[in-house]
Amino acid sequence: MERPPEIEQSINVALAMPREELLERASINDRGHPGYLPSECLLHLLRRTKFDNDDRLFRKLFDLLRGRVLRALPRAEGRSGSQATEDRLAKDVRDEVLFRFNELLCLDRDGGDDRLDFFEVRFEQAISRLRITAKRKAFRMEAASAPLGDEESSEPSAEVEEAAALFRPPEDEILAPRYRKMLALAIDSLPTDERKVITMMLAEIPIVSEDPEKLSMVKILGCSAKTVWNRRDRAIKKLTAMLTGKGKP
Amino acid sequence: MSGTQTPDDILYAFAVEPDHGPGTLRSYMERHPELAHELLDLAHELRLVQVDLEAPDPTPDDPAKADAAWERFMACSPGQQGTEEVFTRLQGKALAKLAADLEVPRTILAAVRDRLVAPSTYPRHFLRQLAEKMGVALAALHGYVRMPPAVPAQAAFKAASKPSAQQQVSFAQLVADTEMPVARKEALLHDPA
């Protein structure tokens, strides 16, 4: 696992900077700003400072890095449901992620853990791992391995064609990111069992496979094809309603 | 990175892949079917991170919490807390209370105290919970369990030959050999994160 070349370059540039300039540049949070220093770079500098005695630099980097963690977390303003509840849950997730990130910093400082190496490769993506743990705690999400009970009531429908269009973002440069965001949030609002089926659809994993050694939704979920069809169809109906306003969820 | 990948290492490796297209997820799920559900959750969370990164500025950090985190971070410094002292305050009733808080028999904690468990076999969540309940830094606890096994104090008076430390066992073996409900055993061994 190696840092991307652009991160290596940022680190080399930052290491050669006078401290005042370094702190000024580290305070820039706009990723589009030419002076922006990536979070991977700030983390590397903080990890290096365990061999350094400049506490002022150390503390400032520590605070700035916490700020970068916060930027990769859900905002206080809710996405759905009652505002007060959403605020509390988002806050719980943020507190838990910050706590766990601090633990990783501590373990790293002690020299017994190298998981922060991953954060120096792609910081925000690595944060996603902490987010899952924090969400499970805050939202009391079911464990990933929990059995997924499901009724097998209806016959599979032919709504898959509709799904293909649903998952294809518009070509417009402005609309595409907005659509991707709406799609991600809509998928997030699905029940866990339906969300997993949709995630596997996006990964082009077949529902069944003739080869028992190959990946299939039936194999991964440990249920029948009919159950998978039902979950998929329910999910697509909901997503269609959320993204196009057609039909009732 | 170390040669032996833990589930956590694999999940982090997936998270920091440069591309999270369908092929990457399928490849990880094929190579690590036991982590299929975790990988699916992570693939979804990676999309949500992008959404949050594009959102307006976050709520500023709470200065009091930042101070507390900083103090905890500084307390984690090697040498700032004697790892030998981690268990000294845990005797008698305090040990029994901790065992009750953690829902484990006292023999489990005694084995941890005497370092009879191979350090690499501890589930991370167990050590984290233990550190939280004991009120010590996790890094200090890590340092403690990594030290050589303790020689039982009473052995010095009873043994005819020179006393020596006992053989270490895996945490899973310790749990398997200890009498407690099956569900609790499973919970102790399953790392939720």
Side-chain angles (χ1 to χ4, degrees), chain A residues 1 4 29 31 50 59 62-63 66-67 70-76 94-95 98-100 102-103 105-107 109-115 117-119 121-122 124-129 131-133 135-136 143-145 177 180-181 184-185 187-188 195-196 199-200 202-205 215 220, chain B residues 1-2 8-9 11-18 20-26 29-30 33 35-38 40-62 65-66 69-70 72-73 75-78 128 137-140 142-143 146 190 192-193:
Chain A
M1 191 61 58
N29 287 319
R31 295 155 73 87
K50 66 181 170 187
R59 174 64 202 258
F62 181 85
D63 287 344
R66 279 176 65 90
L70 280 170
R71 301 185 88 78
L73 298 179
R75 305 297 189 258
R94 287 203 309 274
D95 287 349
L98 282 170
F99 173 80
R100 285 177 178 266
N102 212 50
E103 285 296 294
L105 288 173
C106 284
L107 289 168
R109 192 159 157 79
D110 185 43
D113 196 294
D114 58 5
R115 276 175 290 174
D117 289 354
F118 292 108
F119 289 74
V121 177
R122 284 183 185 80
E124 287 86 6
Q125 283 78 1
I127 292 287
S128 64
R129 174 92 186 102
R131 286 170 52 125
I132 288 181
T133 312
K135 280 187 171 180
R136 285 192 183 137
S145 57
R180 272 196 293 271
K181 174 183 172 182
L185 294 178
I187 294 172
D188 191 48
R195 189 172 65 237
K196 284 185 176 171
T199 304
M200 284 190 274
L202 290 168
E204 298 163 11
I205 293 172
L215 272 184
I220 293 162
Chain B
M1 301 294 154
S2 61
D8 215 24
D9 291 336
L11 293 166
Y12 271 118
F14 172 69
V16 303
E17 284 286 348
H20 290 105
T24 309
L25 178 58
R26 283 202 309 273
M29 288 175 75
E30 277 163 3
L35 296 174
H37 289 266
E38 292 282 356
L40 286 173
D41 285 347
L42 193 49
H44 174 62
E45 201 64 33
L46 283 159
R47 280 195 292 270
L48 292 177
V49 166
Q50 282 309 119
V51 171
D52 287 323
L53 285 171
E54 290 162 13
D57 283 352
T59 313
D61 200 1
D62 179 342
K65 284 183 179 163
W70 170 253
R72 184 166 170 77
F73 179 49
C76 291
S77 308
R128 183 175 170 230
L138 183 54
H142 270 262
R146 281 202 302 266
H190 174 70

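Computed from a prediction, not measured in an experiment: that's the story for all the values here. Here is how names work: the chains are called A, B, and so on, in the same order as the sequence lines, proteins then strands, and each is numbered from 1.
Counting heavy atoms from C-beta outward, L98(A) and D61(B) have side chains that approach closer than 4.5 Å. Contact of the R129(A) side chain with the E38(B) side chain is registered, since non-hydrogen atoms from C-beta on lie closer than 4.5 Å. Counting only heavy atoms from C-beta outward, the side chains of P58(B) and R94(A) never approach each other to under 4.5 Å. For the pair K135(A) and L48(B), the minimum side-chain heavy-atom distance is below 4.5 Å. Side-chain contact between S128(A) and L42(B) is present, with at least one heavy-atom pair separated by less than 4.5 Å. Using a 4.5 Å cut-off on side-chain heavy atoms (C-beta onward), Q125(A) and L46(B) make contact. Contact check for R72(B) versus F99(A): side-chain heavy atoms found under the 4.5 Å cut-off. Within the 4.5 Å cutoff, the side chain of T199(A) has heavy atoms near those of the R47(B) side chain.
For D95(A), the part lying near chain B is the side chain, with the backbone staying farther off; criterion is any non-hydrogen pair under 4.5 Å. Of the two parts of L53(B), the backbone and the side chain both hold a non-hydrogen atom closer than 4.5 Å to a non-hydrogen atom of chain A. Only the backbone of P60(B) comes within contact range of chain A, judged by heavy atoms closer than 4.5 Å.
What you find for N102(A) and A69(B) is that their closest heavy atoms are ND2-O, 3.0 Å. Counting all heavy atoms, side chain and backbone alike, L215(A) lies closest to M29(B) at CD1-CB, 3.9 Å.
When each of R131(A), R71(A), R75(A) is tested with D52(B) by the rule side chain to side chain donor-acceptor pair (under 3.5 Å), just one qualifies, namely R131(A).
Per-residue heavy-atom pair counts under 4.5 Å with chain A were compared for A13(B), P22(B), A15(B), and the maximum is reached by P22(B). Chosen from P18(B), A36(B), P33(B), the residue pairing most often with chain A at heavy-atom distances under 4.5 Å is P18(B).
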**Request:** Evaluate the criterion side-chain contact (heavy atoms from CB on, under 4.5 Å) for residue pair R115(A) and D9(B); output intermediate values, then yes/no.
**Result:** CA-CA 7 Å; R115(A) 276 175 290 174; D9(B) 291 336; 4.2 Å; yes
**Chi angles and distances behind the side-chain contact (heavy atoms from CB on, under 4.5 Å) call for Y12(B), V121(A)** = CA-CA 10 Å; Y12(B) 271 118; V121(A) 177; over 6 Å; no
**Asked** Does the side-chain contact (heavy atoms from CB on, under 4.5 Å) test come out yes or no for K196(A) and D41(B), once each step is laid out?
**Response** CA-CA 7 Å; K196(A) 284 185 176 171; D41(B) 285 347; 3.5 Å; yes
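Considering CD of Q50(B) and CD of E124(A), their distance stands at 8.0 Å, rounded to 0.5 Å.
Ring pair F62(A)/W70(B) is perpendicular by interplanar angle, where above 60° counts as perpendicular and below 30° as parallel.
Geometrically, R109(A) engages F73(B) in a cation-pi contact, judged by NZ or CZ lying under 6.0 Å from the ring centre and within 45° of the ring axis.
Remark: the backbone N or O of I187(A) is not paired with any side-chain donor or acceptor of H44(B) at under 3.5 angstrom.
Looking at E54(B) and K181(A), no side-chain N of the basic residue comes within less than 4.0 Å of a carboxylate O on the acidic one, giving no salt bridge.
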